[in-house]
Number of protein chains: 2
Amino acid sequence: MILIIIFNSSRTATGHFAPVNRLRTRTANNGAIMNKRIADLNKYLADKGLKITRQREAVAQVFFDTDGHISAEELYTKVSRSYPGVGLTTVYRTLKLLKEAGLAKERRFAEDSQGVFEKEDTARHHDHLICTRCGKIVEFKEPLIEKLQEEVAQRHGFSVEDHKMELYGLCSACRTA
Amino acid sequence: MILIIIFNSSRTATGHFAPVNRLRTRTANNGAIMNKRIADLNKYLADKGLKITRQREAVAQVFFDTDGHISAEELYTKVSRSYPGVGLTTVYRTLKLLKEAGLAKERRFAEDSQGVFEKEDTARHHDHLICTRCGKIVEFKEPLIEKLQEEVAQRHGFSVEDHKMELYGLCSACRTA
DNA sequence: CCGACAACTGAAATTGATTATCATGTTCTC
DNA sequence: GAGAACATGATAATCAATTTCAGTTGTCGG
Ligand SMILES: [Mn+2]
Ligand SMILES: [Mn+2]
Ligand SMILES: [Zn+2]
Ligand SMILES: [Zn+2]
(Lines give C-alpha, C1' and ligand atoms only; values in the text may rest on other atoms or scores of the structure.)
(Ligands and ions follow the chains in the order given, each with its own letter.)
Protein backbone atom coordinates (compact mmCIF):
# COMPACT_ATOMS: atom_id res chain seq x y z
CA MET A 1 0.00 0.00 0.00
CA ILE A 2 2.57 2.49 1.10
CA LEU A 3 4.80 1.36 -1.72
CA ILE A 4 2.11 1.98 -4.28
CA ILE A 5 1.48 5.50 -3.11
CA ILE A 6 5.14 6.32 -3.20
CA PHE A 7 5.47 4.82 -6.63
CA ASN A 8 2.61 6.80 -8.05
CA SER A 9 3.66 10.07 -6.53
CA SER A 10 7.22 9.69 -7.70
CA ARG A 11 6.46 9.72 -11.39
CA THR A 12 7.92 12.60 -13.28
CA ALA A 13 5.99 15.00 -15.41
CA THR A 14 7.31 13.38 -18.58
CA GLY A 15 5.81 10.06 -17.70
CA HIS A 16 9.14 8.54 -16.78
CA PHE A 17 9.71 6.89 -13.46
CA ALA A 18 11.80 8.48 -10.76
CA PRO A 19 15.22 6.89 -10.35
CA VAL A 20 15.31 3.75 -8.25
CA ASN A 21 17.92 5.29 -5.97
CA ARG A 22 15.53 7.89 -4.67
CA LEU A 23 12.75 5.36 -4.28
CA ARG A 24 14.95 2.89 -2.50
CA THR A 25 15.99 5.53 0.02
CA ARG A 26 12.43 6.40 0.82
CA THR A 27 11.29 2.85 1.29
CA ALA A 28 14.38 1.14 2.60
CA ASN A 29 13.27 1.26 6.23
CA ASN A 30 10.02 -0.51 5.50
CA GLY A 31 11.17 -4.09 5.42
CA ALA A 32 7.72 -5.46 4.84
CA ILE A 33 7.45 -4.19 1.32
CA MET A 34 10.46 -6.08 0.08
CA ASN A 35 9.28 -9.64 0.12
CA LYS A 36 11.50 -12.63 -0.31
CA ARG A 37 10.78 -13.17 -3.98
CA ILE A 38 11.63 -9.62 -4.89
CA ALA A 39 14.81 -10.03 -2.89
CA ASP A 40 15.59 -13.21 -4.79
CA LEU A 41 15.08 -11.42 -8.09
CA ASN A 42 17.28 -8.53 -7.02
CA LYS A 43 20.00 -10.92 -5.96
CA TYR A 44 19.83 -12.66 -9.30
CA LEU A 45 20.07 -9.35 -11.12
CA ALA A 46 23.01 -8.19 -9.04
CA ASP A 47 24.86 -11.47 -9.54
CA LYS A 48 24.43 -11.15 -13.30
CA GLY A 49 25.48 -7.51 -13.41
CA LEU A 50 21.96 -6.52 -14.35
CA LYS A 51 20.10 -3.61 -12.89
CA ILE A 52 17.24 -3.23 -10.50
CA THR A 53 14.65 -0.96 -12.04
CA ARG A 54 11.29 0.32 -11.02
CA GLN A 55 9.67 -1.39 -13.97
CA ARG A 56 11.13 -4.76 -13.10
CA GLU A 57 10.07 -4.48 -9.51
CA ALA A 58 6.60 -3.40 -10.55
CA VAL A 59 6.13 -6.30 -12.96
CA ALA A 60 7.62 -8.80 -10.54
CA GLN A 61 5.53 -7.58 -7.62
CA VAL A 62 2.27 -7.80 -9.53
CA PHE A 63 3.27 -11.21 -10.86
CA PHE A 64 4.10 -12.49 -7.38
CA ASP A 65 0.77 -11.19 -6.11
CA THR A 66 -1.02 -13.24 -8.75
CA ASP A 67 -2.13 -16.82 -8.19
CA GLY A 68 -2.59 -19.33 -10.94
CA HIS A 69 -1.79 -18.81 -14.61
CA ILE A 70 -1.37 -15.42 -16.25
CA SER A 71 -0.29 -14.44 -19.75
CA ALA A 72 2.15 -11.64 -20.56
CA GLU A 73 -0.68 -9.63 -22.01
CA GLU A 74 -2.85 -10.08 -18.92
CA LEU A 75 0.04 -9.23 -16.63
CA TYR A 76 0.69 -6.12 -18.70
CA THR A 77 -2.91 -5.00 -18.21
CA LYS A 78 -2.76 -5.73 -14.51
CA VAL A 79 0.55 -3.93 -14.06
CA SER A 80 -0.72 -0.96 -16.01
CA ARG A 81 -3.43 -0.36 -13.44
CA SER A 82 -0.93 0.25 -10.66
CA TYR A 83 2.07 1.38 -12.68
CA PRO A 84 0.95 2.94 -15.94
CA GLY A 85 3.70 3.52 -18.44
CA VAL A 86 5.32 0.11 -18.16
CA GLY A 87 5.57 -1.31 -21.67
CA LEU A 88 4.44 -4.71 -22.84
CA THR A 89 7.98 -5.31 -24.08
CA THR A 90 9.29 -4.90 -20.57
CA VAL A 91 6.70 -7.31 -19.22
CA TYR A 92 7.94 -9.94 -21.68
CA ARG A 93 11.54 -9.19 -20.80
CA THR A 94 10.89 -9.34 -17.08
CA LEU A 95 9.04 -12.63 -17.35
CA LYS A 96 12.01 -14.05 -19.21
CA LEU A 97 14.28 -12.87 -16.41
CA LEU A 98 11.99 -14.42 -13.82
CA LYS A 99 12.20 -17.72 -15.66
CA GLU A 100 15.98 -17.52 -15.79
CA ALA A 101 16.05 -16.69 -12.10
CA GLY A 102 13.97 -19.78 -11.36
CA LEU A 103 11.05 -17.71 -10.09
CA ALA A 104 8.55 -18.25 -12.88
CA LYS A 105 7.55 -21.14 -15.10
CA GLU A 106 6.02 -20.85 -18.51
CA ARG A 107 3.24 -23.18 -19.63
CA ARG A 108 1.55 -23.58 -22.97
CA PHE A 109 -1.71 -25.47 -22.92
CA ALA A 110 -3.56 -27.02 -25.85
CA GLU A 111 -3.88 -24.99 -29.00
CA ASP A 112 -3.76 -21.71 -27.12
CA SER A 113 -0.77 -20.17 -28.74
CA GLN A 114 -0.32 -17.78 -25.86
CA GLY A 115 2.04 -18.77 -23.06
CA VAL A 116 1.00 -18.42 -19.44
CA PHE A 117 3.18 -18.10 -16.39
CA GLU A 118 3.00 -19.20 -12.80
CA LYS A 119 5.26 -18.91 -9.81
CA GLU A 120 7.97 -21.54 -9.98
CA ASP A 121 7.75 -22.65 -6.36
CA THR A 122 4.04 -23.34 -6.59
CA ALA A 123 4.39 -24.78 -10.10
CA ARG A 124 7.24 -27.09 -9.36
CA HIS A 125 5.53 -30.35 -8.67
CA HIS A 126 2.14 -30.22 -10.20
CA ASP A 127 0.76 -31.10 -13.60
CA HIS A 128 -2.52 -30.28 -15.29
CA LEU A 129 -5.84 -31.78 -16.26
CA ILE A 130 -7.48 -29.70 -18.98
CA CYS A 131 -11.11 -29.84 -20.04
CA THR A 132 -11.19 -29.57 -23.82
CA ARG A 133 -14.73 -28.23 -23.73
CA CYS A 134 -14.88 -25.55 -21.03
CA GLY A 135 -11.18 -24.93 -20.55
CA LYS A 136 -11.24 -25.78 -16.87
CA ILE A 137 -7.80 -26.58 -15.52
CA VAL A 138 -7.19 -28.79 -12.50
CA GLU A 139 -3.76 -29.13 -10.94
CA PHE A 140 -2.61 -32.40 -9.46
CA LYS A 141 0.41 -34.11 -7.99
CA GLU A 142 1.35 -37.70 -8.58
CA PRO A 143 4.76 -38.53 -7.10
CA LEU A 144 4.55 -42.07 -8.39
CA ILE A 145 4.36 -40.83 -11.97
CA GLU A 146 7.35 -38.60 -11.38
CA LYS A 147 9.25 -41.56 -10.05
CA LEU A 148 8.38 -43.64 -13.10
CA GLN A 149 9.44 -40.77 -15.35
CA GLU A 150 12.84 -40.80 -13.71
CA GLU A 151 13.12 -44.53 -14.23
CA VAL A 152 12.16 -44.33 -17.89
CA ALA A 153 14.68 -41.56 -18.48
CA GLN A 154 17.42 -43.45 -16.70
CA ARG A 155 16.67 -46.52 -18.77
CA HIS A 156 17.42 -44.46 -21.89
CA GLY A 157 20.47 -42.75 -20.46
CA PHE A 158 18.75 -39.41 -19.96
CA SER A 159 18.88 -37.14 -16.94
CA VAL A 160 15.57 -35.32 -16.46
CA GLU A 161 15.74 -31.55 -16.05
CA ASP A 162 12.10 -30.80 -16.63
CA HIS A 163 8.95 -32.46 -17.75
CA LYS A 164 5.60 -31.64 -19.20
CA MET A 165 2.52 -33.69 -18.54
CA GLU A 166 -0.97 -32.65 -19.50
CA LEU A 167 -4.12 -34.74 -19.57
CA TYR A 168 -6.85 -33.58 -21.94
CA GLY A 169 -10.43 -34.68 -21.58
CA LEU A 170 -13.85 -33.70 -20.29
CA CYS A 171 -14.57 -32.57 -16.78
CA SER A 172 -17.54 -34.12 -15.00
CA ALA A 173 -19.73 -31.09 -15.65
CA CYS A 174 -19.06 -31.12 -19.38
CA ARG A 175 -19.45 -34.88 -19.65
CA THR A 176 -22.96 -34.91 -18.22
CA ALA A 177 -24.05 -31.78 -20.05
CA MET B 1 5.91 -46.24 -58.97
CA ILE B 2 3.35 -46.58 -61.70
CA LEU B 3 1.20 -44.08 -59.90
CA ILE B 4 3.98 -41.52 -59.84
CA ILE B 5 4.62 -41.80 -63.54
CA ILE B 6 0.98 -41.38 -64.34
CA PHE B 7 0.72 -38.44 -61.99
CA ASN B 8 3.66 -36.67 -63.56
CA SER B 9 2.57 -37.23 -67.11
CA SER B 10 -0.95 -36.08 -66.42
CA ARG B 11 -0.03 -32.52 -65.57
CA THR B 12 -1.43 -29.91 -67.90
CA ALA B 13 0.57 -27.26 -69.68
CA THR B 14 -0.73 -24.60 -67.33
CA GLY B 15 0.71 -26.34 -64.33
CA HIS B 16 -2.66 -27.49 -63.12
CA PHE B 17 -3.30 -31.10 -62.28
CA ALA B 18 -5.43 -33.30 -64.46
CA PRO B 19 -8.87 -33.97 -63.00
CA VAL B 20 -9.08 -36.72 -60.43
CA ASN B 21 -11.79 -38.43 -62.47
CA ARG B 22 -9.47 -39.19 -65.32
CA LEU B 23 -6.70 -40.28 -62.99
CA ARG B 24 -8.97 -42.54 -61.03
CA THR B 25 -10.11 -44.29 -64.17
CA ARG B 26 -6.58 -44.98 -65.25
CA THR B 27 -5.43 -46.33 -61.91
CA ALA B 28 -8.56 -47.96 -60.58
CA ASN B 29 -7.59 -51.47 -61.55
CA ASN B 30 -4.30 -51.29 -59.70
CA GLY B 31 -5.45 -52.06 -56.17
CA ALA B 32 -1.96 -51.97 -54.75
CA ILE B 33 -1.54 -48.26 -55.16
CA MET B 34 -4.47 -47.38 -52.96
CA ASN B 35 -3.28 -48.28 -49.52
CA LYS B 36 -5.47 -48.52 -46.50
CA ARG B 37 -4.64 -45.12 -45.08
CA ILE B 38 -5.49 -43.34 -48.30
CA ALA B 39 -8.71 -45.30 -48.36
CA ASP B 40 -9.42 -44.21 -44.78
CA LEU B 41 -8.83 -40.59 -45.72
CA ASN B 42 -11.08 -40.86 -48.76
CA LYS B 43 -13.82 -42.40 -46.67
CA TYR B 44 -13.53 -39.57 -44.14
CA LEU B 45 -13.73 -37.00 -46.91
CA ALA B 46 -16.73 -38.66 -48.53
CA ASP B 47 -18.55 -38.90 -45.21
CA LYS B 48 -18.02 -35.20 -44.60
CA GLY B 49 -19.07 -34.17 -48.09
CA LEU B 50 -15.52 -33.09 -48.84
CA LYS B 51 -13.70 -33.83 -52.04
CA ILE B 52 -10.94 -36.16 -53.03
CA THR B 53 -8.32 -34.20 -54.92
CA ARG B 54 -4.98 -34.98 -56.44
CA GLN B 55 -3.27 -32.57 -54.07
CA ARG B 56 -4.76 -34.20 -51.00
CA GLU B 57 -3.82 -37.66 -52.15
CA ALA B 58 -0.31 -36.49 -52.99
CA VAL B 59 0.23 -34.87 -49.60
CA ALA B 60 -1.31 -37.80 -47.75
CA GLN B 61 0.67 -40.37 -49.68
CA VAL B 62 4.01 -38.67 -49.02
CA PHE B 63 3.06 -38.19 -45.39
CA PHE B 64 2.13 -41.85 -44.99
CA ASP B 65 5.41 -42.84 -46.60
CA THR B 66 7.29 -40.83 -43.97
CA ASP B 67 8.41 -42.26 -40.66
CA GLY B 68 8.98 -40.19 -37.55
CA HIS B 69 8.25 -36.49 -37.17
CA ILE B 70 7.85 -34.08 -40.05
CA SER B 71 6.85 -30.43 -40.16
CA ALA B 72 4.46 -28.88 -42.64
CA GLU B 73 7.34 -27.10 -44.39
CA GLU B 74 9.38 -30.27 -44.63
CA LEU B 75 6.43 -32.19 -45.95
CA TYR B 76 5.82 -29.42 -48.46
CA THR B 77 9.40 -29.71 -49.70
CA LYS B 78 9.15 -33.48 -49.89
CA VAL B 79 5.82 -33.40 -51.70
CA SER B 80 7.12 -30.82 -54.14
CA ARG B 81 9.75 -33.25 -55.38
CA SER B 82 7.17 -35.74 -56.63
CA TYR B 83 4.23 -33.42 -57.18
CA PRO B 84 5.43 -29.91 -57.92
CA GLY B 85 2.75 -27.27 -57.80
CA VAL B 86 1.15 -28.32 -54.55
CA GLY B 87 1.03 -25.25 -52.32
CA LEU B 88 2.18 -24.97 -48.73
CA THR B 89 -1.30 -23.80 -47.83
CA THR B 90 -2.73 -27.07 -49.07
CA VAL B 91 -0.16 -29.02 -47.07
CA TYR B 92 -1.31 -27.23 -43.92
CA ARG B 93 -4.93 -27.79 -44.82
CA THR B 94 -4.41 -31.47 -45.58
CA LEU B 95 -2.52 -32.05 -42.34
CA LYS B 96 -5.44 -30.52 -40.49
CA LEU B 97 -7.78 -32.90 -42.29
CA LEU B 98 -5.55 -35.85 -41.45
CA LYS B 99 -5.71 -34.87 -37.79
CA GLU B 100 -9.48 -34.60 -37.91
CA ALA B 101 -9.65 -37.98 -39.62
CA GLY B 102 -7.56 -39.48 -36.82
CA LEU B 103 -4.71 -40.30 -39.18
CA ALA B 104 -2.12 -37.79 -37.98
CA LYS B 105 -1.05 -36.39 -34.65
CA GLU B 106 0.57 -33.02 -34.13
CA ARG B 107 3.38 -32.54 -31.64
CA ARG B 108 5.22 -29.46 -30.49
CA PHE B 109 8.51 -30.02 -28.72
CA ALA B 110 10.67 -26.91 -28.32
CA GLU B 111 8.41 -24.06 -27.23
CA ASP B 112 9.39 -21.77 -30.04
CA SER B 113 9.51 -24.18 -32.93
CA GLN B 114 6.99 -25.28 -35.48
CA GLY B 115 4.66 -28.20 -35.09
CA VAL B 116 5.59 -31.65 -36.35
CA PHE B 117 3.32 -34.48 -37.36
CA GLU B 118 3.44 -38.24 -37.15
CA LYS B 119 1.09 -41.01 -38.15
CA GLU B 120 -1.58 -41.41 -35.51
CA ASP B 121 -1.44 -45.20 -35.32
CA THR B 122 2.29 -45.24 -34.66
CA ALA B 123 2.05 -42.17 -32.39
CA ARG B 124 -0.77 -43.41 -30.26
CA HIS B 125 0.98 -44.97 -27.35
CA HIS B 126 4.37 -43.45 -27.11
CA ASP B 127 5.78 -40.38 -25.42
CA HIS B 128 9.06 -38.52 -25.85
CA LEU B 129 12.40 -37.92 -24.18
CA ILE B 130 14.01 -34.78 -25.57
CA CYS B 131 17.65 -33.76 -25.18
CA THR B 132 17.72 -30.04 -24.55
CA ARG B 133 21.26 -29.79 -25.89
CA CYS B 134 21.39 -31.78 -29.13
CA GLY B 135 17.68 -32.12 -29.83
CA LYS B 136 17.77 -35.91 -29.89
CA ILE B 137 14.33 -37.42 -29.41
CA VAL B 138 13.73 -40.88 -27.98
CA GLU B 139 10.30 -42.46 -28.01
CA PHE B 140 9.17 -44.68 -25.17
CA LYS B 141 6.17 -46.52 -23.86
CA GLU B 142 5.24 -46.80 -20.21
CA PRO B 143 1.85 -48.47 -19.73
CA LEU B 144 2.08 -48.04 -15.98
CA ILE B 145 2.24 -44.27 -16.34
CA GLU B 146 -0.76 -44.35 -18.64
CA LYS B 147 -2.64 -46.35 -16.07
CA LEU B 148 -1.77 -43.86 -13.33
CA GLN B 149 -2.84 -41.00 -15.57
CA GLU B 150 -6.24 -42.62 -15.93
CA GLU B 151 -6.52 -43.00 -12.18
CA VAL B 152 -5.57 -39.40 -11.52
CA ALA B 153 -8.09 -38.17 -14.06
CA GLN B 154 -10.82 -40.36 -12.64
CA ARG B 155 -10.07 -39.09 -9.16
CA HIS B 156 -10.85 -35.57 -10.43
CA GLY B 157 -13.91 -36.56 -12.42
CA PHE B 158 -12.19 -36.26 -15.80
CA SER B 159 -12.31 -38.66 -18.71
CA VAL B 160 -9.01 -38.67 -20.59
CA GLU B 161 -9.18 -38.19 -24.36
CA ASP B 162 -5.56 -37.41 -24.93
CA HIS B 163 -2.39 -36.72 -23.07
CA LYS B 164 0.94 -35.10 -23.55
CA MET B 165 4.05 -36.20 -21.73
CA GLU B 166 7.52 -35.01 -22.55
CA LEU B 167 10.68 -35.41 -20.50
CA TYR B 168 13.39 -32.82 -21.10
CA GLY B 169 16.98 -33.41 -20.12
CA LEU B 170 20.39 -34.43 -21.38
CA CYS B 171 21.12 -37.57 -23.31
CA SER B 172 24.10 -39.64 -22.25
CA ALA B 173 26.30 -38.30 -25.05
CA CYS B 174 25.60 -34.68 -24.13
CA ARG B 175 25.99 -35.31 -20.41
CA THR B 176 29.52 -36.69 -20.74
CA ALA B 177 30.59 -34.13 -23.36
C1' DC C 1 -21.83 -37.02 -70.96
C1' DC C 2 -23.76 -32.23 -68.96
C1' DG C 3 -24.27 -28.71 -66.21
C1' DA C 4 -24.56 -26.65 -61.70
C1' DC C 5 -22.73 -25.68 -57.59
C1' DA C 6 -20.21 -26.39 -53.58
C1' DA C 7 -15.67 -27.42 -52.48
C1' DC C 8 -10.79 -26.74 -53.52
C1' DT C 9 -6.49 -24.45 -54.81
C1' DG C 10 -2.38 -21.46 -54.51
C1' DA C 11 -0.57 -16.83 -54.26
C1' DA C 12 -0.72 -13.21 -51.57
C1' DA C 13 -2.24 -10.81 -47.64
C1' DT C 14 -3.09 -11.13 -42.78
C1' DT C 15 -2.78 -12.57 -38.13
C1' DG C 16 -0.94 -12.74 -33.49
C1' DA C 17 2.43 -13.73 -30.15
C1' DT C 18 6.93 -12.79 -29.36
C1' DT C 19 11.47 -10.69 -30.29
C1' DA C 20 14.76 -7.22 -32.31
C1' DT C 21 16.02 -2.37 -33.08
C1' DC C 22 17.29 1.95 -31.64
C1' DA C 23 17.21 6.48 -29.70
C1' DT C 24 16.71 8.03 -25.22
C1' DG C 25 16.72 7.44 -20.19
C1' DT C 26 18.50 5.15 -15.85
C1' DT C 27 21.50 2.54 -12.84
C1' DC C 28 25.47 2.06 -10.30
C1' DT C 29 30.41 1.84 -9.52
C1' DC C 30 34.47 4.59 -8.68
C1' DG D 1 29.02 13.38 -10.32
C1' DA D 2 30.78 11.20 -14.58
C1' DG D 3 30.67 7.58 -17.49
C1' DA D 4 30.01 3.00 -19.15
C1' DA D 5 26.82 -0.40 -19.27
C1' DC D 6 22.33 -1.55 -19.02
C1' DA D 7 17.16 -0.77 -19.53
C1' DT D 8 13.09 1.17 -21.58
C1' DG D 9 9.27 1.57 -24.78
C1' DA D 10 7.57 2.77 -29.36
C1' DT D 11 7.94 0.64 -33.40
C1' DA D 12 9.36 -2.63 -36.76
C1' DA D 13 10.42 -7.22 -37.76
C1' DT D 14 9.67 -12.27 -37.42
C1' DC D 15 7.53 -16.37 -38.50
C1' DA D 16 4.41 -20.19 -38.31
C1' DA D 17 -0.08 -20.51 -39.36
C1' DT D 18 -4.49 -18.87 -41.17
C1' DT D 19 -7.51 -16.15 -44.14
C1' DT D 20 -8.83 -14.18 -48.47
C1' DC D 21 -10.06 -14.41 -53.05
C1' DA D 22 -10.45 -15.23 -57.92
C1' DG D 23 -10.03 -18.96 -60.72
C1' DT D 24 -10.39 -24.34 -60.95
C1' DT D 25 -12.18 -28.88 -60.02
C1' DG D 26 -14.97 -32.79 -57.94
C1' DT D 27 -19.46 -34.68 -57.37
C1' DC D 28 -24.07 -35.55 -58.06
C1' DG D 29 -28.46 -35.51 -60.47
C1' DG D 30 -30.24 -35.66 -64.84
MN1 LIG E 1 -0.43 -24.71 -12.72
MN1 LIG F 1 6.92 -39.71 -31.87
ZN1 LIG G 1 -15.41 -28.84 -18.74
ZN1 LIG H 1 21.97 -34.78 -26.46
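The chains referred to below are lettered A, B, ... by the order of the sequence lines, with proteins before strands, and numbering in each begins at 1.
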Report yes if a side-chain nitrogen or oxygen of [X] is closer than 4.0 Å to either non-bridging phosphate oxygen (OP1 or OP2) of [N]; otherwise report no.
| X | N | result |
| --- | --- | --- |
| Q55(A) | dA7(D) | no |
| R56(B) | dT9(C) | yes |
| T90(A) | dG9(D) | yes |

Tabulated below should be each protein N or O lying under 3.5 Å from an N or O of nucleotides 18-21 of chain C; please produce it.
from    : atom 1 : to      : atom 2 : distance (Å)
dT18(C) : OP1    : R108(A) : NH1    : 3.4
dT18(C) : OP1    : R108(A) : NH2    : 3.3
dT18(C) : OP1    : G115(A) : N      : 3.0
dT18(C) : OP2    : Y92(A)  : OH     : 2.7

TODO: Tell me which of G87(A) and L50(B) sits closer to the 5' end of DNA chain D, going by the nucleotide each one is nearest to.
DONE: G87(A)
In whole angstroms, how far is the [atom2] atom of [N] from the [atom1] atom of [X]?
| X | N | atom1 | atom2 | answer |
| --- | --- | --- | --- | --- |
| I52(B) | dA6(C) | CD1 | P | 20 Å |
| L95(B) | dA16(D) | CG | C1' | 13 Å |
| L45(A) | dT8(D) | CG | C1' | 15 Å |
| N42(B) | dG26(D) | CG | P | 13 Å |
| D47(A) | dT29(C) | CG | P | 12 Å |
| K51(A) | dT27(C) | NZ | P | 9 Å |
| E57(B) | dG26(D) | CD | P | 10 Å |
| K48(A) | dA5(D) | NZ | C1' | 16 Å |

Open item on the list: Could you tell me if E139(A) and H69(A) have a donor-acceptor pair between their side chains, going purely by distance under 3.5 Å?
Closed with: yes
TODO: Output yes when a side-chain donor or acceptor of R56(A) lies under 3.5 Å from a complementary backbone atom of L41(A), and no otherwise.
DONE: no
Open item on the list: Using only atom types and a distance under 3.5 Å, with no angle test, would you say the side chain of R175(A) pairs donor to acceptor with the backbone of G169(A)?
Closed with: no
TODO: Using a strict 4.0 Å threshold on nitrogen-to-oxygen distance, state whether K164(A) and D127(A) make a salt bridge.
DONE: no
Task: Steps toward side-chain contact (heavy atoms from CB on, under 4.5 Å) verdict (M165(B), Q149(B)) - done: CA-CA 10 Å; M165(B) 187 170 117; Q149(B) 289 174 344; 3.9 Å; yes
Open item on the list: With salt bridge (Lys or Arg N to Asp or Glu O under 4.0 Å) as the criterion, how do E100(B) and K96(B) come out once you've worked through the C-alpha distance, each side chain's angles and the decisive distance to 0.1 Å?
Closed with: CA-CA 6 Å; E100(B) 290 165 13; K96(B) 182 183 279 190; 5.7 Å; no
Open item on the list: Ignoring hydrogens, what is the shortest heavy-atom contact between Y168(B) and H163(A)? Give both atom names and the distance.
Closed with: CD1-CA, 4.3 Å
